[in-house]
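Order of appearance sets the numbers: ligands from 1, and atoms from 1 within every ligand. Scope of the values below: all heavy atoms of this structure, side chains included, with no hydrogens, waters or symmetry mates. As the structure is a computational prediction, the values presented were derived from the model and not from experiment.
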Amino acid sequence: VRLPRIGVFDSGVGGLTVLKAMAEQLPAHYIYFGDTARLPYGTKSADTVARYAIGATRFLEAQNIDLLVIACNTATALALPAIKAAAHVPVVGVVEPGAAAAAHVSKNRAAIVIATDATVSSHAYRDALQQHGLEAVEKACPLFVPLVEEGWIDHPVTEQVAKIYLGEATAVAPDGADVLVLACTHYPLIYPLLRRILPDRVQIVDSAESTARVVKKMISEDPVFSTRSGEPEVAAGQQGTTLDGGLKAAHRTFRFYVTDSVDKFKRLATRFLGRQVDKVEHVDLGG
Ligand code: DGL
């Protein structure tokens with residue numbers, strides 16, 4: 001048995017929320033690709049996002065990954081079938097795990113989904129929730145991504161913006177909507193703020209967390225992989241860096257590849273992961 005090599009793809013830094021959730025649960029070698037030169041994806045067309053995502057898939061497959069996690073909600077919503085068709089490894093997106101988790105907690109079978117413009121326009125979450133018997137309204141909250149990247153995660157402006165968005169969403173939500181799905185990589189950072197604004201009867205489902213649980217289950221059911229963090233094994237000569245803080249050092253390594261500035265990624269990554277990262281490399285995928 002050996003540790004799995006998990007590729008994590010996102011449009012930029014946001015996918016670090018998914019990486020963090022996975023790393024807290026699952027010992028693995030994580031190879032993260034953030035397409036920072038071409039973000040945001042949330043405003044782009046399905047064809048463009050699919051093309052970028054397939055380029056990223058090729059890059060990560062060249063790093064010998066066993067499994068590919070599409071951490072980006074927009075890429076999952078717009079391009080998961082295209083990515084799966086192009087990939088040679090199993091692919092996990094964030095939409096279905098988020099929808100399944102929402103279905104698990106909703107008593108009234110009614111949800112509100114907040115996401116980027118592109119994710120909302122695709123109706124991927126509405127359709128996935130419908131499969132689970134839930135009615136949903138989807139609300140685009142395009143200001144949240146820049147506010148979170150600005151670090152305004154507990155800021156009066158963000159709170160005001162959130163009140164407006166959630167007020168508008170609630171006004172058109174199905175009766176008794178009792179779950180809010182965070183369907184964008186950046187939104188877990190404003191969880192406390194959203195929690196304050198929402199009535200107690202509305203539960204919050206974070207698709208990053210839900211995806212991490214699905215990945216953990218997949219890996220633990222595969223006898224090829226070791227999932228025991230107590231084992232002394234770490235691949236010989238394995239390059240990478242470690243996150244600590246509850247993560248057992250030798251059993252999780254991290255490598256980061258980005259298409260834009262390494263320094264900018266490092267700065268933002270600190271905010272998303274709550275600690276510094278090194279081993280960040282620049283790659284140019286062209287196009
Ligand atoms: N990662 C994107 C998502 O989860 C948000 C950032 C972007 O628009 O690229 O939808």
*asked:* Would Gly12 count as a contact residue for ligand 1, given that I'm defining contact as a non-hydrogen atom of the residue lying under 4.0 Å from a ligand atom?
replied: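 Contact absent.
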*Applying a strict 4.0 Å limit to heavy atoms, is Cys72 in contact with ligand 1?*
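Right, Cys72 reaches ligand 1.
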SB check [X] [Y] (cutoff 4.0 Å):
{"X": "Arg196", "Y": "Asp154", "result": "yes"}
{"X": "Glu281", "Y": "Arg255", "result": "yes"}
{"X": "Asp222", "Y": "Lys217", "result": "no"}

With only distance considered, is [X] within less than 3.5 Å of ligand 1 through an N or O on each side?
{"X": "Thr43", "answer": "no"}
{"X": "Thr119", "answer": "no"}
{"X": "Gly42", "answer": "yes"}

*Under 4.0 Å from a heavy atom of Thr185: give me the atoms of ligand 1 that qualify, with their elements.*
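What qualifies from ligand 1 is 1 (N), 2 (C), 3 (C), 4 (O), 5 (C).
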*Contact atoms of ligand 1, heavy-atom distance to Tyr41 under 4.0 Å*: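 Heavy-atom distances to Tyr41 below 4.0 Å select 7 (C), 8 (O), 9 (O).
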*Closest heavy-atom contact between Lys44 and Leu39?*
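The pair with the smallest heavy-atom distance is NZ-C, 4.1 Å.
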_Whether Phe33 and Phe59 hold their rings parallel, tilted or perpendicular, with breakpoints at 30° and 60°_ =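 The rings of Phe33 and Phe59 sit tilted, inter-plane angle from 30° to 60°.
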*asked:* Among Asp35, Thr116, Thr74, Thr185, exactly one meets side-chain hydrogen bond (donor to acceptor under 3.5 Å, both in side chains) together with Tyr41. Which residue is that?
replied: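 Testing each of Asp35, Thr116, Thr74, Thr185 against Tyr41, the sole residue satisfying side-chain hydrogen bond (donor to acceptor under 3.5 Å, both in side chains) is Asp35.
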*Taking non-hydrogen atoms only, is Asp10 closer than 4.0 angstrom to ligand 1 via side chain, backbone, both or neither?*
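Under 4.0 Å from ligand 1, Asp10 contributes side-chain atoms alone.
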*asked:* I need the nearest protein heavy-atom contact for atom 10 (O) of ligand 1: residue, atom name and distance, please.
replied: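 Of every protein heavy atom, Thr74 OG1, 2.6 Å lies nearest to atom 10 (O) of ligand 1.
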*Which protein non-hydrogen atom lies closest to atom 6 (C) of ligand 1, naming both residue and atom, and how far is it?*
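Scanning the protein heavy atoms, the shortest distance from atom 6 (C) of ligand 1 goes to Ser11 OG, 3.6 Å.
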*Please find out if less than 6.0 Å separates the ring center of His186 from that of Phe272.*
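Here the rings of Phe272 and His186 have centres that are less than 6.0 Å from each other.
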